[in-house]
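By convention here, the first residue in the shown sequence is residue 1. For the numbers below, each heavy atom of this structure counts, side chains included, while hydrogens, waters and symmetry mates do not. Please read all numbers here as calculations on a predicted model, not as lab measurements.
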Amino acid sequence: MSNVIREIEEAEMKKEVPQFSVGDTVRVHNRIKEGNRERVQMFEGTVLKVQGGGARTTFTVRKVSSGVGVEKTFPLHSPNVEAVDVIRHGKVRRAKLNYLRGLSGKKAKVKEEIR
């Protein structure tokens, strides 16, 4: 990658990035535009995967709402993502938790890591 592209990407990246990993339960504060109004909506769930690197880093969060699994992928350095709060740290041994999609109830829980 050329130096020009790298410099542009570094300028777009956030200075303070929250420290979380796969398996953590997080609350994402997402800015939503509706017409001429803006509001912040929260999405709380388990981090399934973290992909990419640099300015292109994305993470996928999954929650169960009314018995239906909902997944959203957020760009980490997006200006629409205001904050990411870590609710609890999960103890997992994999980089991607795709197997959680097929589980329900207590089996779909991730053990908590005591820090």
Side-chain angles (χ1 to χ4, degrees):
M1 192 164 28
S2 69
N3 290 335
V4 176
I5 295 173
R6 188 174 299 129
E7 288 174 10
I8 293 171
E9 284 186 352
E10 286 178 4
E12 296 297 321
M13 290 174 58
K14 292 182 179 178
K15 304 298 180 213
E16 293 184 20
V17 180
Q19 294 298 317
F20 63 90
S21 60
V22 175
D24 292 353
T25 301
V26 296
R27 182 179 295 136
V28 182
H29 300 264
N30 193 21
R31 186 179 301 132
I32 295 178
K33 292 182 181 177
E34 295 172 333
N36 56 357
R37 295 181 340 124
E38 270 192 17
R39 66 184 178 89
V40 175
Q41 185 176 29
M42 290 179 226
F43 190 86
E44 183 174 341
T46 306
V47 178
L48 287 186
K49 57 185 171 181
V50 179
Q51 288 183 304
R56 298 184 198 95
T57 304
T58 61
F59 61 100
T60 302
V61 181
R62 177 182 175 85
K63 74 173 181 178
V64 177
S65 178
S66 302
V68 179
V70 179
E71 291 183 15
K72 282 190 176 181
T73 302
F74 299 99
L76 184 61
H77 296 284
S78 171
N80 290 333
V81 176
E82 282 193 355
V84 179
D85 300 332
V86 178
I87 307 299
R88 64 190 198 104
H89 296 281
K91 182 179 180 183
V92 294
R93 297 172 66 178
R94 294 173 184 249
K96 293 188 169 55
L97 305 180
N98 294 325
Y99 68 91
L100 287 180
R101 294 177 178 144
L103 302 179
S104 63
K106 285 188 177 180
K107 292 181 181 180
K109 282 191 167 186
V110 176
K111 289 185 180 180
E112 187 170 1
E113 181 181 32
I114 308 300
R115 288 191 178 187

Taking everything shown except Glu38 itself, do over 12 heavy atoms lie less than 6.0 Å from its CD? yes
Check each of Val61, Thr46, Asp85 against Val26 using the side-chain contact (heavy atoms from CB on, under 4.5 Å) test, and report the only one that passes. Val61
Do other residues, nucleotides or ligands put more than 12 heavy atoms under 6.0 Å from the NZ atom of Lys109? no
Are Val81 and Lys14 packed together at the side-chain level, in the sense that at least one heavy-atom pair is separated by less than 4.5 angstrom? yes
Under 4.5 Å between any side-chain heavy atoms of Leu103 and Leu100, yes or no? yes
Rounded distance (nearest 0.5 Å) linking atom CG of Leu76 with atom CE of Met13: 8.0 Å
Any idea which heavy atoms bring Arg94 and Val22 closest together, and the distance? O-CG1, 4.0 Å
CD/Gln41 to NZ/Lys72 distance, rounded to the nearest 0.5 angstrom? 5.0 Å
When you measure from the side chain of Ser78 to the backbone N and O of Asn80, does any donor-acceptor pair fall under 3.5 Å? yes
Counting distance only, does the side-chain N/O of Arg31 pair as donor-acceptor with the main-chain N or O of Pro79 below 3.5 Å? yes
Report whether Tyr99 and Val70 are members of the same hydrophobic cluster (ILVMFWY, side-chain heavy atoms less than 4.5 Å apart, transitive linking). yes
Rounded to the nearest 0.5 Å, the OG atom of Ser2 sits from the CD atom of Glu7 at a distance of 8.5 Å
Between Arg62 and Gly69, the two heavy atoms sitting closest are NH2-CA, 3.9 Å
Would you mind reporting whether Thr57 and Val50 have side-chain heavy atoms less than 4.5 Å apart? yes
What ring pair (Phe, Tyr, Trp, His ring centres under 6.0 Å) pairs are there with at least one residue in residues 3-29, not counting sequence neighbours? Phe20-Phe59
Co-membership, hydrophobic cluster, residues Val17 and Val86, 4.5 Å side-chain: yes
For Arg39, is the CZ atom crowded, meaning more than 12 foreign heavy atoms sit under 6.0 Å from it? yes
Verify, without hydrogens or angle tests, whether Asn30 (side chain) and Met42 (backbone) share a donor-acceptor contact under 3.5 angstrom. no
Indicate yes or no: at least one non-hydrogen side-chain atom of Glu12 is less than 4.5 angstrom from one of His77. no
Heavy-atom pair with the smallest gap, counting every atom of Arg101 and Glu71: NE-OE2, 2.7 Å
Qualifying residue for salt bridge (charged side-chain N to carboxylate O under 4.0 Å, His left out) with Arg88, from Glu44, Glu113, Glu112: Glu112
For atom NZ of Lys91, decide whether the heavy atoms of other residues, nucleotides or ligands shown that lie under 6.0 angstrom number more than 12. no
